[in-house]
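Here the structure comes first, spelled out in structure tokens, and everything after it is commentary.
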Amino acid sequence: MKFTEEHEWLQDEGEIVVVGITSHAAEQLGDVVFVELPEVGTEVTKDEEIVVIESVKAASDILAPLDGEIVEINDAIVDTPAMVNDDPQGEAWFFKMKPSDRAPMDEMMDEAGYQAFIG
Amino acid sequence: MSDLATTPLYDLHLELGARMVPFAGYSMPVQFDGIMAEHTRTREAAGLFDVSHMGQVILSGQDYATIAAGFETLVPVNAIGLAAGRQRYGLLTNALGGIEDDLMFANKGDHMLVVVNAACKADDIALMKAGLEPLGITVTEVTDRALIALQGPGAEPALSRLAPAAAEMRFMDVADLELEGVTCWVSRSGYTGEDGYEISVPEAQAEALARTLLDMDGVGPVGLGARDSLRLEAGLCLYNNDIGSTTTPVEAGLIWSIQKVRRAGGDREGGFPGAQVILPQIESGVPRTRVGLRPEGRAPMREGVVLFAEPEEGEAIGVITSGGFGPTVGGPVAMGYLPIDMAVPGTQVFGELRGKRLPLTVHTLPFVAANFKR
């Protein structure tokens, strides 16, 4: 698993990459009450705001971690946003994408690096 | 962070694992276990809130009637007619009819106790000193007491274990109660829409009292996050969001706080700042007013979201002043201002969120029925 400074995790599954937010991010957000995901088939650009996530207290954006195409989204977290607090690094993945440029993944942190990053 | 003030419960907040945020110059807990859990705890059991950042001010003078007469020159309320041992909500108004702050004031027999918002307290005290000291009324900020709110259906059982007389108090009663051997100034009030108490306790005993209450079944700590969602569901105004120096009490839907004796035709008509604006508004109405709004979708719409009459095109007609997720409602809720002809429950309007206009419905306030012990 790879991690971004934007508190996303990326699981490389060969052709596609699964993306979600980290446990640390979910805890910082607090109770998640609303998630808006991009449509399947959307071509996204790295650092583009593609997900809206709202906790009781505030709204946040999630950025596309890579260039590529959204190939699947997790409707379950749209129906039950609290899943994002319950299992952010498992069942509550956000979307799967087919990257057109995987190079930025080489720069991303591993688990140990991310833990050091969040201190 | 070092320039932030702290309350007497600061160390306890840290011990309880609070996430602290700067608020009105104080380091305050925004949440302990999570806003949803704390909100629900307050509606179903009892929440303990540290509101020590708020201003507690004593007005003293020859007698209560003299103090109340002076106070009425600043606040459009019937203070003279308030019985000893009772509290009321009131508004400090300005010359243009706007609201400088909202507050609670109590007849404590020989003096008046006023509780004002944290962010406004320096200005409020200056305003009261300027207006009241020439009338022989002394304005003294209380700086050696904490203020704790205990809110929810579990508040009465909890507090009456320490002082059985607490159970005898009705909504908006005030009394001095001995709690754990200390004289506390207690009112049966709060800002959550629930029954409960606000307890002014000497700072040295505040932590011990808070611990005693927190040890009781069903009582847990609650931060500012849930305080905000609770008051929003209860349809209560947040100063500087839903009311402010450019909104009048009439626009804000707070006419009820201006008793008849101070309105046109009353025995003590007018005589407060902005009366020449506010009294005619009571008679002939205003072009815009505060409303409750329920977004029809699931996305919360927060303060600043601009409102439109139509899903496309057209001029802005209003704005959301408070909004978020209502845990008891189970969906997003908001308050804002709309033209009077749109301020009818059931009317559909549109809020612009992230470039899209999404529907909301005008809703009666409160969103969650109040649970006061009248």
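Chain letters run A, B, ... following the sequence lines, proteins first, then strands; residues in each count from 1.
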Decide if atom CD of A:Glu49 counts as having more than 12 heavy atoms of other residues, nucleotides or ligands within a radius under 6.0 Å. no

side-chain contact (heavy atoms from CB on, under 4.5 Å) for B:Met36 and A:Val33? Distances and angles first, verdict last. CA-CA 10 Å; B:Met36 296 270 241; A:Val33 297; 3.8 Å; yes

If one checks every heavy atom of A:Val78 against chain B at 4.5 Å, the contacting part turns out to be backbone

task = Check step by step if salt bridge (charged side-chain N to carboxylate O under 4.0 Å, His left out) holds for B:Glu38 and A:Lys57.
result = CA-CA 13 Å; B:Glu38 293 165 33; A:Lys57 199 68 192 148; over 6 Å; no

In terms of heavy-atom contacts, A:Asp31 and B:Ile35 come closest through OD2-N, 3.2 Å

_If you count every heavy atom of other residues, nucleotides or ligands that lies below 6.0 Å from A:Gln115 atom CD, does the total exceed 12?_
yes

Surrounding CD of A:Glu13 (heavy atoms of other residues, nucleotides or ligands, distance under 6.0 Å), is the total greater than 12?
yes

Under 4.5 Å to a heavy atom of chain B? For A:Ala82 that would be neither

So the side-chain hydrogen bond (donor to acceptor under 3.5 Å, both in side chains) pairs with at least one residue in residues 70-92 of chain A (sequence neighbours excluded) are A:Ser23-A:Gln89

Under a 4.5 Å heavy-atom criterion, the part of residues 298-306 of chain B in contact with chain A comprises B:Arg298, B:Ala299, B:Pro300, B:Arg302

Cut-off 4.5 Å, heavy atoms of chain B, and the answer for A:Glu36 is side chain

Are more than 12 heavy atoms from other residues, nucleotides or ligands located less than 6.0 Å from atom CG of B:Asp217?
-> no

